[in-house]
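Okay, so here's the structure we're looking at.
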Amino acid sequence: MIVLKFGGTSVGSSNNIKKVAKIISSNNTPKIVVLSAMSGTTNSLVEISNFYKKANLADAKLEIEILYRKYQKEIQNLFDNEEYLDKAKVLLSYIFNNLHSLLYKNEVINTEKVILAQGELLSTQIIQLYLEQENISSKLISALSFMKIDVMREPDKELISSNLQGIISKNKGIEIFVTQGFICRNTLGDIDNLDRGGSDYTASLIGAAVNASQIQIYTDIDGMHNNDPRYVDQTFSIEEISFDEAAELAYFGAKILHPQSLLPAKENNIPVLVKNTFDPQALGTLICNKPKSDYHIRAIAAKDDITAIKIKSYRMLLAYGFLKKIFEIFDKNKTSIDMITTSEVAVSLTIDNVQNIDQITDELSSFGSVEVDSELSIICIAGDIAQNNKGITATIFNSLKDIPIRMISYGGSNYNLSFLVKTSQKTEVLNLLNKGLFSKVLKTKNKVLV
Ligand code: ASP
Ligand code: MG
């Protein structure tokens, strides 16, 4: 059994849905297909539920109408068989009528979740219908019947597994199951979700639950790249990368995978293959526990909008408990710290959420002087750095000899070296590192460095 997950862009239009159907039916391997909502739909549903929460029914209805029209257009292109087109029309009017009637419900929290769930309910039913029209034999199973979260809002892995195993054994002979990403039920039995972008997580949880041989995540790029293609011309897709290295990258740049989604796959040793729906022949990137290591630096990524805070205090000298007090301030203000470096008399750390920064700096100033620096970017180099660092750190810093570096973090994990630079120098840094670290690999791939 394999799991295939298609993201919002992959199912984002009738033409793309046709491509997805080709991929699903291209081989006989038994599979569970996890689908996101069509791109843009969940955002529209969030708007609808915001209008609903503000009791602005007029705008909520308008937004529903716009969404309805979009779907009506898509099904016209998708179904060339009248009988199936009629079925699709009935399906749309049922779901959109239901969406309307939700606006008159009183249980706000629950209703919001039900509104958000409609995107995946729509995409899966439309695609199941399309597969039927195309004579591709498949069965739609509702994620609401097996995907459960516990009181801590964590997936109930055992229950999910026994539910799914039960469904599969009751449906012997079915080769293709289709289901929704993102949506689930909570302990009250109410409709809930795994948070935005959660379809990847669904795929990985399902993979673990049925002990799949592989989880394939189909997206709109040919895998994870060695550097950010938005800022660097000569990038290539990484053939293999470890779960640890991929997890270091999940926080950065173009988020290809939901950060949490790798854990169930890693724990169960199920390889995750990131593939491109629009170029299914391309190899993609295999994320696994033991990737082949033909080179040791896998990828470079950047994250903007970073703020650095430096706390300097001579009271820190030879004192204990100082860091604890600093961390408590961030904890109290619900702000997570990303990078941290210390010296005998100062601590520098970075945050990406500045919502409570005034309160934080105010409280920190009771310990010493506080300096805040913004418009910074974290550059992350991911790879098997600690094991194979002969010359690597020298290459990195030689490449950046003319760039002022604000902070360096190395040794936190074996797979990451991060540093902080001014955002205005980010593009230059990414390009310099590409040249310094990947010129040999790029040559073998016949890419010319400019
Ligand atoms: N449709 C949901 C979202 O847009 C879940 C997903 O696509 O992963 O967040
Ligand atoms: Mg996604």
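Each ligand, and each atom within it, is numbered from 1 in the order the structure gives. What you are looking at is a predicted structure, and each value in this text was computed from that prediction instead of being measured. Numbers for residues simply follow the sequence, beginning at 1.
Between Gly197 and ligand 1, at least one pair of N/O atoms sits closer than 3.5 Å.
Glu120 counts as a contact of ligand 1, since one of its heavy atoms falls under 4.0 Å from the ligand. Using 4.0 Å as the threshold, Gly181 has no heavy atom nearer than that to any atom of ligand 1.
Counting only residues at least two apart or on different chains, the salt bridge (Lys or Arg N to Asp or Glu O under 4.0 Å) pairs with a member in residues 405-415 are Asp373-Arg406. Sorted by first then second residue, the salt bridge (Lys or Arg N to Asp or Glu O under 4.0 Å) pairs that include residues 104-123, not counting sequence neighbours, are Lys53-Glu112, Lys113-Asp192.
The atoms of ligand 1 that sit less than 4.0 Å from any heavy atom of Ser199 are 5 (C), 6 (C), 7 (O), 8 (O). Near Ser36, the atoms of ligand 1 lying under 4.0 angstrom from a non-hydrogen atom of the residue are 6 (C), 7 (O), 8 (O). Residue Arg196 has at least one heavy-atom neighbour below 4.0 Å for each of these atoms of ligand 1: 3 (C), 4 (O), 9 (O). Counting atoms of ligand 1 from 1 in the listed order, those under 4.0 Å from a heavy atom of Gly198 are 5 (C), 8 (O). Atoms of ligand 1 found under 4.0 Å from any heavy atom of Thr42 (numbered from 1 in listed order, with element): 1 (N), 2 (C), 3 (C), 4 (O).
At a threshold of 4.0 Å, the pair Asp338-Lys303 does not count as salt-bridged, since none of the basic side-chain nitrogens sits closer than that to a carboxylate oxygen. Salt bridge Arg298/Glu240: absent, no basic N to carboxylate O contact under 4.0 Å.
Judged purely by atom type and a 3.5 angstrom limit, Thr423 uses its side chain to pair as donor or acceptor with the backbone of Glu375.
A ring-centre distance under 6.0 Å is not found for Tyr201 and Phe182.
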